[in-house]
Amino acid sequence: MPELPEVETYRRFIDELAVGQTIAAVQVNDAHVLATPEDQLRAGLVGRTITGTSRLGKNCFLELDNGPVLVLHFGMTGDIGAYRDEPDAPRFTRVALHLEDSGLRLAFIDPRKFGRIRLAASAAAHQAAKKIGPDALQITAAELQQKLSRRKTLLKPLLLDQGITAGLGNWIVDEVLFQARIHPERLGSSLIEKEFKALHAAIQLVLATAISHEANYRHFPKSFLIHAREWDDSAAPGSDAHTFCPRHPKVKIEKYYVGGRATYICPRCQPAPAGT
DNA sequence: ACCCATGTTCTTTG
DNA sequence: TCAAAGAACATGGG
């Protein structure tokens, strides 16, 4: 789940729960998710007060009263939670921050352990170190066009590249390209100005919609492609209406692979580029 | 038992 | 140097 809208939802949760709180202890259940050595992490966190939160793409930052930030990246299966007593700890809690004032524990949950927790000097320093581009909610249409228009690479991998713009993941890129009516295998350099505008508008639309529903895609509008994907294999036999294009009730959504990632398109809305 | 999976990063191949 | 595919990571769930 953790693409930009999920991470923004987590950030808001953390902001309400943890800002103003002092970290009493750092509980490490599985050091695998630590990108900063455990002793350094503990030294940097215990006794510090969380002063605020921010987000860049899929990264969430907890700002600390002495300057550095705690960076959370949720990988493919990361989540955030809170609990009071250890028996109530969510399954797969890998790290927990004990909050001094409320007595709550903030849980970093991650079954598959692709997520990472680290300390960085600042959000900007982390952005530079990881070569992360502008946040997908902040990037302008002109900036996006400038970054894509000289690239002879398939559009879908370009949009997934966090160095171009940060926060778009596999499901969202498919949704964005569907809303913009652009095929994922178009080359960046093949788009015309109008298409860049449509692409930028679609990014804004999809992210704003997802955030407003706290990333609960089951509540997304019927005009969204995601229903074809999510319910693809969970639908009862015989009820396959959701596998058709929201705009073309007789056109089946197609699934195939682009850049190794499962990709869903409407072949009518998103015509393939010539030569494929 | 087998196959798939939301992300990132490295390796290989062309 | 670039583009694209594949693999690796670690594990749960269908």
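Sequence lines set the chain letters: A, B, ... in the order given, protein chains first and strands last, and positions in each chain run from 1.
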Going by heavy atoms closer than 4.0 Å, what residues in residues 154-162 of chain A are next to DNA chain C? A/Leu154
Measure from OH on A/Tyr257 to C1' on C/dA7 and round the result to the nearest Å. 15 Å
OP1 or OP2 of C/dA4 sitting under 4.0 Å from any side-chain N/O of A/Thr153? yes
Phosphate oxygens OP1/OP2 of B/dG7: is one of them under 4.0 Å from a side-chain N or O of A/Lys58? yes
Ignoring the backbone of A/Lys113, work out which of B/dA5, C/dT11, C/dA3 is nearest its side chain. C/dT11
Grab the OH-C1' distance between A/Tyr217 and B/dA5 for me, whole Å please. 12 Å
Using the six-membered ring wherever Trp is involved, compare the ring planes of A/Tyr217 and A/Trp171 and label them parallel, tilted or perpendicular (cut-offs 30° and 60°). perpendicular
A/Phe74 near the nucleic acid: base, sugar-phosphate alone, or nothing, with a heavy-atom cut-off under 4.0 Å? nothing
Between A/Ile50 and A/Leu64, does a side chain to side chain contact (heavy atoms under 4.5 Å, CB included) hold up when you go through it step by step? CA-CA 5 Å; A/Ile50 300 166; A/Leu64 304 170; 4.2 Å; yes
Does the side chain to side chain contact (heavy atoms under 4.5 Å, CB included) test come out yes or no for A/Leu177 and A/Val173, once each step is laid out? CA-CA 6 Å; A/Leu177 290 171; A/Val173 167; 3.8 Å; yes
Residue A/Met76, side-chain heavy atoms: nucleotide from B/dG7, B/dT9, C/dA3 that is nearest: B/dG7
Closest to side chain of A/Lys130, choosing from B/dT9, B/dA5, C/dA3: B/dT9
For B/dA5, does either OP1 or OP2 sit under 4.0 Å from a side-chain N or O belonging to A/Lys255? yes
Say whether A/Thr22 and A/Thr49, considering side chains only, have a donor N or O and an acceptor N or O under 3.5 Å apart. yes
Note on DNA chain B: ranges paired as stems (three or more Watson-Crick/G-U pairs in a row, both atom distances under 3.5 Å) are B:2-5 with C:11-14, B:7-14 with C:2-9
Whole-Å distance, A/Phe92 CZ to C/dT11 P, equals 10 Å
A/Tyr264 OH - B/dA5 P separation (whole Å): 7 Å
If you measure only the distance, is there a donor-acceptor pair under 3.5 Å linking the side chains of A/Lys147 and A/Thr165? no
Whole Å only: how far is the CZ atom of A/Arg261 from the C1' atom of B/dT8? 9 Å
Aromatic A/Phe178 / basic A/Arg247 pairing, under 6.0 angstrom, 45° off normal: yes
At under 4.0 Å between heavy atoms, what does A/Gly169 touch on the DNA or RNA strands: base, sugar-phosphate, or nothing? sugar-phosphate
Where the side chain of A/Pro111 is defined as all heavy atoms beyond and including C-beta, which of C/dG12, C/dA3, B/dG7 is the nearest nucleotide? C/dG12
Mind checking whether A/Phe74 and A/Tyr10 have parallel, tilted or perpendicular rings, split at 30° and 60°? perpendicular
Please give, in whole Å, the distance from C/dT11 P to A/Arg91 CZ? 12 Å
Select base, sugar-phosphate, or nothing to describe what A/Gly115 touches, counting heavy atoms under 4.0 Å on all strands. nothing
Donor on one side chain, acceptor on other, A/Tyr256 and A/Glu185, under 3.5 Å: yes
A/Lys156 side chain to A/Asn170 side chain, donor-acceptor N/O pair below 3.5 angstrom: yes
Nearest-angstrom distance from the residue atom CG of A/Asp30 to C1' of C/dT11: 11 Å
No-hydrogen, no-angle side-chain donor-acceptor test under 3.5 Å, A/Asp65 and A/Thr51: no
Among the candidates B/dC4, C/dC9, B/dG7, find the nucleotide nearest to the side-chain atoms of A/His32. C/dC9
Out of C/dA4, B/dT8, C/dA3, minimum distance to the side chain of A/His73 belongs to B/dT8
Please lay out, stage by stage, how A/Thr263 and A/Lys255 fare under the test side-chain hydrogen bond (donor to acceptor under 3.5 Å, both in side chains). CA-CA 6 Å; A/Thr263 299; A/Lys255 177 187 178 182; over 6 Å; no
From the set B/dA5, C/dA3, C/dC9, return the single nucleotide nearest to any side-chain atom of A/Ala262. B/dA5
Determine whether any donor atom in the side chain of A/Arg116 lies under 3.5 Å from an acceptor atom in the base of B/dG7, or the reverse, and answer yes or no. no
Tell me whether the ring of A/Phe114 lies stacked over the B/dG7 base, given a 5.5 Å limit on centroids and a 30° limit on the plane angle. yes
Measure the distance from CZ on A/Phe108 to P on B/dG7 and round it to the nearest whole Å. 15 Å
